[in-house]
**Q** 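Here it is: the structure, laid out below.
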Amino acid sequence: MFSSINIGAVTLLFLFSLNSCYYDNEQDLYGNTFCDTISTTYAATIEPIIITNCISCHSSSTPNGNINLESYTDVKSAYISGKLLCSIQKNATCQPMPPTGLGLSTCEINKFKSWASKNYPN
């Protein structure tokens with residue numbers, strides 16, 4: 001039969017196997033936590049966010065809410081007016097946008113703010 005030494009060895013082996021060589025890192029655990037707001041331009045940063053989240057409703061000759069976001073000039077004007085930032089931040093005084101889902105991430109909103117703080121680089 002098994003001696004107490006053998007049972008102890010098997011138990012230790014089992015315990016060590018539970019604590020295997022898995023290396024947790026921040027990106028695996030929490031996703032990409034880095035948000036690049038330094039190199040923010042309209043073409044590289046803002047336009048892709050608009051295309052993904054806004055353009056399906058805010059384009060053409062009759063855009064929803066009478067807000068057209070088809071061009072750089074349109075997006076810049078909407079931001080300067082305060083309507084765009086108010087809506088994407090989902091402030092209580094504005095119509096939250098996008099109206100479905102979770103909306104834009106904090107990182108995406110920060111990219112808009114960075115773009116504005118750098119005088120709207122194209």
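Treat the numbers as computed from the prediction; the structure is a model and nothing was measured. Note: hydrogens, waters and symmetry copies are ignored here, and every other heavy atom, side chains too, is used.
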**Q** For the residue pair Asn53 and Glu108, establish whether any side-chain heavy-atom pair is separated by less than 4.5 Å.
**A**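 Contact flag for Asn53/Glu108 side chains = yes.
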**Q** Kindly say whether Pro63 contributes a backbone atom to a donor-acceptor pair with the side chain of His58 at under 3.5 angstrom?
**A** no
**Q** Determine whether Ile50 and Phe112 make a side-chain contact, defined as any pair of heavy atoms from C-beta on separated by less than 4.5 Å.
**A**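 Of all side-chain heavy-atom pairs linking Phe112 with Ile50, at least one is under 4.5 Å.
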**Q** Heavy atoms only: give me the nearest Ala43-Pro48 pair and the separation to one decimal.
**A**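 Residues Ala43 and Pro48, closest heavy atoms: O-CD, 3.6 Å.
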**Q** Test your reading of the model: is there a side-chain donor-acceptor pair from Ser114 to the backbone of Lys111, 3.5 Å cut-off?
**A** no
**Q** Nearest 0.5 Å, what's the CG-CD1 distance between Leu84 and Ile67?
**A**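 These two atoms lie 8.0 Å from each other.
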**Q** Nearest 0.5 Å please: distance from the CG atom of Leu104 over to the CD1 atom of Ile109.
**A** 5.5 Å
**Q** Please confirm whether the backbone N or O of Ile38 pairs with a side-chain atom of Lys118, one donor and one acceptor, at under 3.5 Å?
**A** yes
**Q** So which atom in Lys90 and which in Met97 form the shortest heavy-atom distance, rounded to 0.1 Å?
**A**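 Closest pair (atom of Lys90, atom of Met97, distance): CE-O, 4.0 Å.
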**Q** Hey, are the side chains of Trp115 and Lys76 touching, using non-hydrogen atoms and a 4.5 Å cut-off?
**A**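 They are in side-chain contact.
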**Q** Heavy atoms only: give me the nearest Tyr72-Tyr120 pair and the separation to one decimal.
**A** OH-O, 2.5 Å
**Q** Name the one of Ile80, Ile49, Leu69 that satisfies side-chain contact (heavy atoms from CB on, under 4.5 Å) with Val75?
**A**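 The passing option is Leu69.
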**Q** Where the side chain of Asn91 meets the backbone of Thr93, is there a donor-acceptor pair that is under 3.5 Å apart?
**A**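 Answer holds: no.
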**Q** Going from CG on Asn68 to SG on Cys57, what distance comes out if it is rounded to the nearest 0.5 angstrom?
**A** 12.0 Å
**Q** In terms of heavy-atom contacts, does NZ of Lys83 have more than 12 from other residues, nucleotides or ligands at under 6.0 Å?
**A**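 No, the 6.0 Å shell around NZ holds no more than 12 heavy atoms from other groups.
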